[in-house]
Amino acid sequence: MSIPTLAQSSFKTQQLTFKRVREAYDVKWDNLQKELAKEQITGQFSLYIAAYKAEKRLEIWLKQNTQKQYKLFKVYPFCTLSGVLGPKLKEGDLQTPEGFYHISAFNPKSNFHLSLGINYPNSLDLLRSANEKPGNHIYIHGNCVTVGCIPLTDEKIKEVYILAVEARNAGQNKIPVHIFPFKITDTSLNNHLMAFPQHKVFWANLQEGYAYFEKYRQVPEVTELINTYRFK
């Protein structure tokens, strides 16, 4: 067995040393496997997470590693949401970030049952925050409270956490988490810009990434440039 395979397989083993992760697998894994089989996902898979603030909707997209395109697997409602539409600008503003991120931490001993951290702030967030502290510690987590994170309740985070462990264990080192203000169609963009005209340039840039996935059902390669994201 190769060293990379050992490293990958040990991630799930390590996670299962934690009581809450074991309990999540005991309660949820059998049913999740049945649901995966119904979607003809029977082998190792990659995971893409899309979150929409206005709709309070977290989408789980999966792609078996022998396939090219992702397909929608499950949808989880946000339990609650703080702040308003628009990016997070500083610590304490109660905003949920908007942008293109990935899972940067698995926390099996979270104060909110289980949690998945994202790599906020990225370079564009830091630039946008200017001289303010941008804040950090943004998670998808259990419970039903938030000051900028995405809470799903304890029962729902168990499933999302398991799927993330399985994807990470299969070798997906960066699981993308794209957070949008809303589903950015031309119509919805124009409607929301009536209330938030200051976000026109930013949201139009996010729309490029949104549209790429909608067209190809593949996660774009995202590059952070000065004041903008680029996609390919």
Side-chain angles (χ1 to χ4, degrees), residues 2 4-16 21 24-25 28-53 55 57-78 97-106 114-120 122 139-140 150 152 156-180 182-185 206-224 229-232:
S2 67
T5 302
L6 283 170
Q8 291 165 13
S9 64
S10 68
F11 181 78
K12 181 176 178 178
T13 301
Q14 184 267 340
Q15 284 289 311
L16 286 170
V21 180
Y25 269 89
K28 299 291 186 178
W29 185 222
D30 283 349
N31 192 57
L32 276 174
Q33 286 180 298
K34 292 175 183 176
E35 292 178 308
L36 288 166
K38 286 181 182 178
E39 297 298 325
Q40 298 182 326
I41 299 173
T42 56
Q44 295 180 331
F45 57 79
S46 296
L47 166 64
Y48 164 61
I49 299 174
Y52 300 95
K53 291 166 56 174
E55 294 86 349
R57 175 184 175 100
L58 188 99
E59 296 181 349
I60 299 295
W61 293 78
L62 301 179
K63 177 179 71 69
Q64 191 160 296
N65 289 352
T66 56
Q67 300 169 334
K68 290 185 177 181
Q69 293 183 315
Y70 282 86
K71 56 184 177 180
L72 184 63
F73 178 60
K74 298 196 81 168
V75 176
Y76 299 92
F78 294 12
E98 295 172 7
F100 300 89
Y101 307 98
H102 61 264
I103 292 175
S104 58
F106 288 74
L114 297 167
S115 62
L116 299 166
I118 68 168
N119 65 317
Y120 173 89
N122 62 28
Y139 288 85
I140 302 168
I150 298 176
L152 300 178
K156 293 181 176 67
I157 192 60
K158 289 174 185 177
E159 295 190 4
V160 177
Y161 196 93
I162 287 172
L163 293 169
V165 168
E166 291 294 319
R168 174 66 179 81
N169 196 61
Q172 189 181 13
N173 293 322
K174 285 190 176 181
I175 297 170
V177 179
H178 296 174
I179 306 176
F180 298 101
F182 45 85
K183 287 186 174 286
I184 315 180
T185 64
L206 295 186
Q207 186 183 30
E208 294 180 48
Y210 170 84
Y212 185 102
F213 184 82
E214 287 296 299
K215 181 177 181 178
Y216 298 108
R217 289 293 187 257
Q218 295 176 354
V219 179
E221 181 181 329
V222 182
T223 303
E224 297 167 19
Y229 293 103
R230 287 283 178 86
F231 312 95
K232 64 178 181 178

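Throughout, numbering of the chain's residues begins at 1 and tracks the sequence. Note: hydrogens, waters and symmetry copies are ignored here, and every other heavy atom, side chains too, is used.
Side-chain contact between Glu159 and Leu152 is absent, with no heavy-atom pair separated by less than 4.5 Å. Side-chain contact between Phe73 and Leu32 is present, with heavy atoms from C-beta onward closer than 4.5 Å. Residues Ser104 and Tyr120 form no side-chain contact, since every pair of their non-hydrogen atoms from C-beta on lies 4.5 Å or further apart. Using a 4.5 Å cut-off on side-chain heavy atoms (C-beta onward), Lys183 and Glu59 make contact. The shortest side-chain heavy-atom distance between Tyr229 and Thr223 does not fall under the 4.5 Å cut-off. In this structure the side chain of Phe45 reaches within 4.5 angstrom of the side chain of Leu36, judged on heavy atoms. At a threshold of 4.5 Å between non-hydrogen side-chain atoms, the residues Tyr25 and Lys12 count as touching. Considering only heavy atoms from C-beta on, Arg168 comes within 4.5 Å of Asn173 through its side chain.
Remark: Lys174 engages no residue in a salt bridge (Lys or Arg N to Asp or Glu O under 4.0 Å) (not counting sequence neighbours).
You'll find the ring centres of Tyr212 and Phe231 outside the 6.0 Å limit. Here the two rings, on Phe213 and Tyr48, have centers that are under 6.0 Å apart.
Interatomic distance, Leu58 CG to Lys74 NZ, rounded to the nearest 0.5 Å: 12.0 Å. The OG atom of Ser115 sits 7.0 Å away from the OH atom of Tyr161 when rounded to the nearest 0.5 Å. In this structure, the separation between OH on Tyr76 and NZ on Lys156 is 9.0 Å, given to the nearest 0.5 Å. A distance of 6.5 Å separates CG of Leu47 from CG of Leu163, quoted to the nearest 0.5 Å. Taking CD1 of Ile157 as the start and CD1 of Ile150 as the end, the distance is 9.5 Å to the nearest 0.5 Å. Between the NZ atom of Lys158 and the CG atom of Leu114 there is a distance of 8.0 Å, given to the nearest 0.5 Å.
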### Task
Walk me through it: do Phe180 and Phe100 pass the test ring pair (Phe, Tyr, Trp, His ring centres under 6.0 Å)?
CA-CA 9 Å; Phe180 298 101; Phe100 300 89; 5.7 Å; yes

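Side-chain atoms of Gln172 never come within 3.5 Å of backbone atoms of Ala167 as a donor-acceptor pair (strictly under, hydrogens ignored).
For Gln69, the CD atom counts as densely surrounded, since its 6.0 Å shell holds more than 12 non-hydrogen atoms of other residues, nucleotides or ligands.
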